[in-house]
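Quick caveat, the model's predicted, so the values are computed rather than measured. We name chains A, B, ... by the order of the sequence lines, and we start the count at 1 in each one.
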Number of protein chains: 2
Amino acid sequence: MKTLKIPEATIIRLSVYSRYLTQLDKKGITNISSGEIAEGVGGSPAQVRKDLAYFGEFGTRGVGYNVRDLNQHIIRILGLNKNWQVIIVGAGNLGSALTQYKGFRERGFDVIAVFDNDINKVGLTLNGIPIYPVSKLNEIVKKKQVDIGIIAVPAPYAQDVADAMVESGINAILNFAPVVISVPEEVELRNVDLAVNLEILTFNLELQKDKN
Amino acid sequence: MKTLKIPEATIIRLSVYSRYLTQLDKKGITNISSGEIAEGVGGSPAQVRKDLAYFGEFGTRGVGYNVRDLNQHIIRILGLNKNWQVIIVGAGNLGSALTQYKGFRERGFDVIAVFDNDINKVGLTLNGIPIYPVSKLNEIVKKKQVDIGIIAVPAPYAQDVADAMVESGINAILNFAPVVISVPEEVELRNVDLAVNLEILTFNLELQKDKN
DNA sequence: GACTGTGAAGCCATTCACAGCT
DNA sequence: AGCTGTGAATGGCTTCACAGTC
C-alpha cells in the first residue's frame, strides 16, 4: 500500500467531505462532481480531486463520483468502517456534554465509560453511561478494549490522566485541557483548545480594525 | 503599518506561548529563552523566534525574553488587552458547558447571554448568566455591543443562527455545529468540529496498523 | 559564551493546466 | 463535451545557519 505522507489538512477535509456526502445521500442524490463538492464544503475542485487522489481513483472521467460509493471509500480511509470504544475522563460540564454529544455516536464512536474522582458523581450515569472512579480506569480500559481516551479535566490534572491512559494501553488521546501534555511518541495526541479558537478570532478582528 | 500575511499557525502558537508564559509568571520565573519556550510547548526554538519576529523584537540577545513583558506583548497582539463580549446560542449540553467554561473568562472573554428557544430553559440562568429566547438576540447584541457569537445548536439550525448573528451586527463567529455554514466575507468564522478531531485520530491509528 | 533576529534554503501544500477517459 | 487524475508550477511555512548583540 502506498503511504506517501498525507497532509493533515487533507484528512480534515476528507472528514468534512464525508459528512457532506452523508447529507447528500440522505437526500437521495446519487452523483456529484468535484466542483459540486467544493461548492458544498467551501473549497476548490482541484483540492477535492488531489485529496482523493492520495488514496485511489474513485471517480469516472466525464461523469463524476457516485455519492454513496465515494462516501464508503472515505469512511474506510478514515477507519470509520467499524466502531471505536471511547472513554472520557472528567464528568464536569465539558465531560458531560461530550459524553452526551450525538455527533460521536453517529460517526461510530461509542463512549462506554466516564471517569471522575468526585464521589458525588461516581455511581451515577450520563445518558446510561456509567461514571466510575479514576482508580478503575486501568481495569475497564483493558477489559473493554478501549481505543481512545478523551481528557476533560482541569489543566493541572491533565498530565496525570494522560499518564494513566497510556499506562492502561490507550494509544490515542483527545485533550481538551488547555495545557501542553506529553505522551510517548507512539501515542496519538490531539489538542482542542477552546480559548485558542476565540483568540484567533480576536486577532483577526484587531487586524481588520488596523486596516483603517 | 506592516501586515505581511501572518500564518494562522503562528497565531495558534502565540496563543499557546501566552498560556505557558502566564504559568511561568505565576511561578515567579522572570526570564526565559526561545529554547525553553520551545521545550515547554513542544516546538523548535527557531519557530518561536520566527513567530515573534513577525511582530517586533521583544528579546535581548545573549539573554532571552522577560517573561511578563513578552506575555504582555503577545496579549496585545492577540487583542486580549481588553475584554470581549460573547454570546452563546444553544443551551443544550454543549452550550451549557461552554457558558460555564472557566478558560474563557480567564482570557478576557465575558459570556454575557445565552439564547435558546426551549421555553423550559428561557428565564433560567447558567452560572448567573441569563437564558433568553432567540427572538431577543438582535436587541441584546445591539444593546450590549457583543463582539463574538458562539453557535452550539444542532446542525440543521446552525445557518439560521449564523444569519441572525450577522444580521444583529456580530462579525466573529465560532461554530460548533458539524455543518458548513456561510457568512459574508467580512465576518470572521471558525469551526470546531468535535467528531473530526476523533476521526483524525482513527485515521492515524489505522495508518500505524498498516505499517506492520 | 549565550541567545536573539533574520536572510536563505529546504520542504510541504495548493493551484494550475492539460492529457486521458467516458 | 464533460469531468477526473496528475505532473508541473507556484506559493507559503518551517528549518537552517550565522551575523549581531549583550
Side-chain angles (χ1 to χ4, degrees), chain A residues 2-17 20-21 24 29-74 77 200 203-204 207, chain B residues 2-17 20-21 24 29-74 77 200 203-204 207:
Chain A
K2 60 145 185 267
T3 305
L4 350 47
K5 270 281 271 117
I6 317 292
E8 180 169 296
T10 289
I11 305 308
I12 294 173
R13 286 189 298 264
L14 284 178
S15 187
V16 175
Y17 301 159
Y20 183 59
L21 292 169
L24 295 179
I29 294 165
T30 58
N31 197 271
I32 194 165
S33 69
S34 60
E36 290 167 313
I37 295 175
E39 168 97 2
V41 305
S44 76
Q47 180 94 260
V48 171
R49 296 200 299 276
K50 248 306 172 238
D51 287 338
L52 296 173
Y54 282 109
F55 302 96
E57 307 190 2
F58 307 124
T60 309
R61 291 168 196 231
V63 178
Y65 305 89
N66 176 281
V67 170
R68 189 170 297 178
D69 184 53
L70 178 59
N71 198 13
Q72 285 306 311
H73 277 293
I74 297 177
I77 290 164
I200 297 166
F203 172 79
N204 287 322
L207 257 197
Chain B
K2 60 142 187 265
T3 306
L4 349 47
K5 268 281 272 118
I6 317 292
E8 180 169 296
T10 288
I11 305 308
I12 294 173
R13 285 189 298 264
L14 284 178
S15 186
V16 175
Y17 301 159
Y20 183 58
L21 292 169
L24 295 179
I29 295 165
T30 58
N31 197 272
I32 194 166
S33 68
S34 61
E36 290 167 312
I37 295 174
E39 169 97 1
V41 305
S44 77
Q47 180 95 261
V48 171
R49 296 199 299 276
K50 249 294 151 53
D51 286 338
L52 297 173
Y54 281 108
F55 302 97
E57 305 189 4
F58 306 124
T60 308
R61 291 169 195 230
V63 178
Y65 305 87
N66 175 280
V67 170
R68 188 169 299 177
D69 185 54
L70 178 58
N71 198 14
Q72 284 308 313
H73 277 294
I74 297 177
I77 291 164
I200 297 165
F203 172 79
N204 286 321
L207 257 197

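Contact check for B:Leu21 versus B:Ile32: side-chain heavy atoms found under the 4.5 Å cut-off. The closest side-chain heavy-atom distance from B:Leu24 to B:Tyr20 is below 4.5 Å. Between B:Thr30 and B:Val67, the closest side-chain pair of non-hydrogen atoms is not below 4.5 Å. With contacts defined as side-chain heavy-atom distances shorter than 4.5 Å, the pair B:Ile6/B:Asp51 does not qualify.
Atom CD1 of A:Ile37 is separated from atom P of D:dC3 by 13 Å (rounded to the nearest Å). Across the protein-nucleic acid pair, A:Asp51 atom CG and D:dG5 atom P stand 12 Å apart, rounded to whole Å. Note: OH (B:Tyr54) to P (D:dG12) measures 11 Å, nearest angstrom. For B:Ile12 and D:dT14, the CD1 to C1' distance is 15 Å, given to the nearest whole Å. Atom-to-atom, CD1 of B:Ile6 to P of D:dC13 comes out at 9 Å; the value is rounded to the nearest Å.
Checking the phosphate oxygens (OP1, OP2) of D:dG5, a side-chain nitrogen or oxygen of A:Tyr65 falls inside 4.0 Å. Residue B:Gln47 places at least one side-chain N or O closer than 4.0 Å to OP1 or OP2 of D:dT15. Side-chain nitrogen and oxygen atoms of A:Ser34 include at least one within less than 4.0 Å of the OP1 or OP2 phosphate oxygen of D:dT4.
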Protein-nucleotides 8-11 of chain D N/O pairs closer than 3.5 Å?
none

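When each of A:Ile74, A:Leu70, A:Asn66 is tested with A:Phe58 by the rule side-chain contact (heavy atoms from CB on, under 4.5 Å), just one qualifies, namely A:Leu70.
A 4.0 Å heavy-atom criterion places the boundary nucleotides of DNA chain C facing chain A at C:dA13 to C:dT22, written 5' to 3'.
Interatomic distance, B:Asp69 CG to B:Tyr65 OH, rounded to the nearest 0.5 Å: 11.5 Å. The distance from atom OG of B:Ser34 to atom NZ of B:Lys50, rounded to the nearest 0.5 Å, is 12.5 Å.
Counting heavy-atom neighbours within 6.0 Å of A:Glu36 CD, excluding the residue itself, gives a total above 12.
Side-chain atoms of A:Arg61 stay outside donor-acceptor range of the base of D:dG5, with no qualifying N/O pair under 3.5 Å.
Partners of A:Arg61 according to the salt bridge (Lys or Arg N to Asp or Glu O under 4.0 Å) rule, which considers only residues two or more places apart in sequence or in another chain, do not exist here.
With the nearest nucleotide of DNA chain C identified for both A:Gly62 and B:Leu52, B:Leu52 has the one nearer the 5' end. Where A:Thr10 and A:Arg49 each meet DNA chain C at their nearest nucleotide, the meeting point lying more 5' is that of A:Thr10.
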